[in-house]
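Data first, discussion second: the structure below is written as structure tokens.
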Protein chains: 2
Amino acid sequence: MTEPSLRARKRQRARDEIIEAAYRLFAERGYDEVTVADIAERAEVGRTTFFRYFGDKQEVVFAGEHDWLDGLAAHHRELRGDRPPGLPEALAQVRELTLALCARATLDPGRYVLRERLIADHPELGDRTARKQRRFAETMTEILREHGATPETAALAPQLALACYTAGRAVAGDDPAALAPSVAAAFDRLGLLPPAA
Amino acid sequence: MTEPSLRARKRQRARDEIIEAAYRLFAERGYDEVTVADIAERAEVGRTTFFRYFGDKQEVVFAGEHDWLDGLAAHHRELRGDRPPGLPEALAQVRELTLALCARATLDPGRYVLRERLIADHPELGDRTARKQRRFAETMTEILREHGATPETAALAPQLALACYTAGRAVAGDDPAALAPSVAAAFDRLGLLPPAA
DNA sequence: TTTCAATTGGTACTGAGTACCATATGGGAC
DNA sequence: GTCCCATATGGTACTCAGTACCAATTGAAA
């Protein structure tokens with residue numbers, strides 16, 4: 001991999017500093033008591049610049065996860081799909097990606113806890129998680145269709161995965177270590193296993 | 001039932017007129033091109049009054065459905081729950097309420113179509129539907145727990161119902177007549193039927 | 001009729017998000 | 001190095017959502 005240009009490095013650093021500043025301020029004062037101007041000031045950029053990196057104030061809360069979703073298709077290629085998947089096979093594939101998403105989300109436990117608290121305390125942030133989940137589901141649906149799944153299967157399997165994710169998340173509370181196991185348990189309870197390969 | 005007071009009737013009428021005005025304007029110009037001031041003017045109320053009836057601009061899009069959710073617990077009482085429900089039984093119960101919600105949502109087909117289009121075109125409205133769904137799930141979870149379900153079952157069953165709802169909705173597009181059948185089909189494909197009573 | 005609580009609409013404010021512009025800066029050509 | 005261009009920056013000014021406050025109106029009940 002070639003060294004990124006100075007521009008690219010500066011850009012990445014600015015982005016990181018905005019996220020850092022935002023999370024620090026949210027932790028100190030709470031989401032509502034922090035303005036975009038505050039974040040920009042702390043990150044030592046202009047208010048305008050903030051909006052060049054993030055579409056809105058909410059987006060900075062979910063920064064990072066979007067990038068992972070961009071690579072979702074690539075992540076899935078690794079799971080072979082020789083024959084058109086029925087619902088059990090599709091679900092098994094989506095299950096792997098869902099658990100990978102859990103692992104990714106809890107990489108930084110401290111930030112995970114803070115994010116979960118922000119989401120729990122601010123309905124509009126709870127709403128916003130839906131956008132991420134919609135994108136996950138839409139991408140997965142597309143991939144499943146490419147692999148020959150029926151429209152119904154392709155639509156249902158990702159939604160079932162999200163159901164297990166959300167239910168597991170609810171059971172786990174804001175404990176990062178409990179997330180993946182709870183989600184996996186939810187999948188298990190579905191009892192929709194593919195026939196042995 | 002006693003006649004509602006003049007105050008109550010006026011209040012109801014004002015609310016209805018705001019909703020009417022909003023939907024007409026959204027249909028004419030689109031969501032973004034309509035300000036709250038526009039809606040208030042068309043409904044012949046003050047801008048301040050709009051915010052007394054609806055917490056924000058998005059809320060008026062989903063007006064009516066919230067009321068139904070308030071009665072969710074009552075609706076469920078009709079479904080007897082003698083013994084602690086396992087996942088199949090819980091799912092069967094939630095299924096009924098989900099289908100009732102579909103019927104309710106498509107009562108006014110024209111408005112349903114317009115709402116689905118608004119949601120599809122405006123991500124922030126898509127996000128907002130999540131709040132309604134969260135409330136549905138939380139209420140159902142609470143009810144299931146009261147009826148003796150385990151925390152895991154109580155958390156999972158409503159989420160599975162939402163998965164079937166969302167998947168069915170995606171398959172149905174904005175055709176109101178297709179919603180309930182598609183959702184019902186998704187439930188059927190889950191194959192998680194309770195043992196015969 | 002009088003009194004009280006609820007409802008209303010207006011004014012003024014904060015903060016998110018956008019458009020525009022002039023400036024600065026990194027990358028590449030020569 | 002230096003010249004040029006595309007990119008990135010920060011500031012100004014604007015619209016609009018949402019909130020706080022207040023004075024005036026109006027329904028309900030005595």
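Chain letters run A, B, ... following the sequence lines, proteins first, then strands; residues in each count from 1.
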Could you go step by step and tell me if A/Phe187 and A/Leu160 meet the side chain to side chain contact (heavy atoms under 4.5 Å, CB included) rule? CA-CA 9 Å; A/Phe187 273 100; A/Leu160 290 176; over 6 Å; no

Go through the steps to decide whether A/Phe26 and A/Glu33 satisfy the test side chain to side chain contact (heavy atoms under 4.5 Å, CB included), and finish with yes or no. CA-CA 8 Å; A/Phe26 292 155; A/Glu33 277 63 49; over 6 Å; no

Full working for side chain to side chain contact (heavy atoms under 4.5 Å, CB included) between B/Thr141 and B/Glu146: CA-CA 9 Å; B/Thr141 297; B/Glu146 283 173 13; over 6 Å; no

If you write DNA chain D from 5' to 3' in dot-bracket form, with Watson-Crick or G-U pairs under 3.5 Å, [ ] for crossing pairs and | for pairs with another strand, what do you get? ||||||||||||||||||||||||||||||

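Heavy-atom distances to DNA chain D give each of B/Ala37 and A/Ala14 a nearest nucleotide, and the one nearer the 5′ end belongs to A/Ala14.
Less than 4.0 Å separates DNA chain D from no heavy atom of any residue of residues 19-31 of chain B. DNA chain D lies under 4.0 Å from at least one heavy atom of each of the following residues of residues 49-58 of chain A: A/Thr49, A/Arg52, A/Tyr53.
In this structure the side chain of B/Arg15 reaches within 4.5 angstrom of the side chain of B/Phe54, judged on heavy atoms. Contact of the B/Gln133 side chain with the A/Thr166 side chain is not registered, since no non-hydrogen atoms from C-beta on lie closer than 4.5 Å. The side-chain heavy atoms of A/Arg11 and A/Tyr53, taken from C-beta on, include a pair separated by under 4.5 Å. No side-chain heavy atom of A/Thr139 sits less than 4.5 Å from a side-chain heavy atom of A/Leu69. Within the 4.5 Å cutoff, no side-chain heavy atoms of A/Thr153 are placed close to those of A/Leu156.
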Mind listing the side-chain donor-acceptor pairs of residues 167-185 of chain B below 3.5 Å, one per line with the distance, residues two or more places apart or on another chain?
from     : atom 1 : to       : atom 2 : distance (Å)
B/Arg169 : NE     : B/Glu116 : OE1    : 3.3
B/Arg169 : NE     : B/Glu116 : OE2    : 3.2
B/Asp174 : OD2    : B/Arg117 : NE     : 3.2
B/Asp175 : OD1    : B/Ala177 : N      : 3.0
B/Ser182 : OG     : B/Ala178 : O      : 2.8

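A/Glu124 pairs by the salt bridge (Lys or Arg N to Asp or Glu O under 4.0 Å) definition with nothing, not counting sequence neighbours. With sequence neighbours excluded, no residue forms a salt bridge (Lys or Arg N to Asp or Glu O under 4.0 Å) with B/Arg189. Every residue two or more places apart in sequence or in another chain was checked for a ring pair (Phe, Tyr, Trp, His ring centres under 6.0 Å) with A/Phe136, and none qualifies.
Atom CG in B/Asp38 sits about 14 Å away from atom P in D/dG18, given to the nearest Å. Per the geometry, CD belonging to B/Glu33 stands 15 Å off C1' belonging to D/dA17, to the nearest Å. Rounded to whole angstrom, the span from the CD atom of B/Glu124 across to the P atom of D/dC16 amounts to 16 Å.
Each ring-ring contact (aromatic ring centres under 6.0 Å, His included) pair with one or both residues in residues 101-130 of chain B, not counting sequence neighbours, appears once here: B/Tyr31-B/His122. Within the structure, every pair that satisfies the salt bridge (Lys or Arg N to Asp or Glu O under 4.0 Å) test and touches residues 39-48 of chain A, not counting sequence neighbours, is listed here: A/Glu28-A/Arg42. The list of salt bridge (Lys or Arg N to Asp or Glu O under 4.0 Å) pairs with a residue in residues 98-115 of chain A, not counting sequence neighbours, reads A/Glu20-A/Arg111, A/Glu65-A/Arg115.
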When you check every protein heavy atom under 4.0 Å of nucleotides 25-30 of chain D, what one-letter string (B, S, -) results, 5' to 3'? -BBS--

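Nucleic acid contact for B/Arg47: base, since at least one base atom lies under 4.0 Å from a heavy atom of the residue. B/Thr35 comes within contact range of the sugar-phosphate backbone alone, with a heavy-atom separation under 4.0 Å but no base atom that close.
Reading DNA chain C from its 5' end, the first and the last nucleotide to sit under 4.0 Å from a heavy atom of chain A are C/dG15 to C/dG27.
No salt bridge links A/Lys57 with A/Asp32; every basic N to acidic carboxylate O contact stays at or beyond 4.0 Å.
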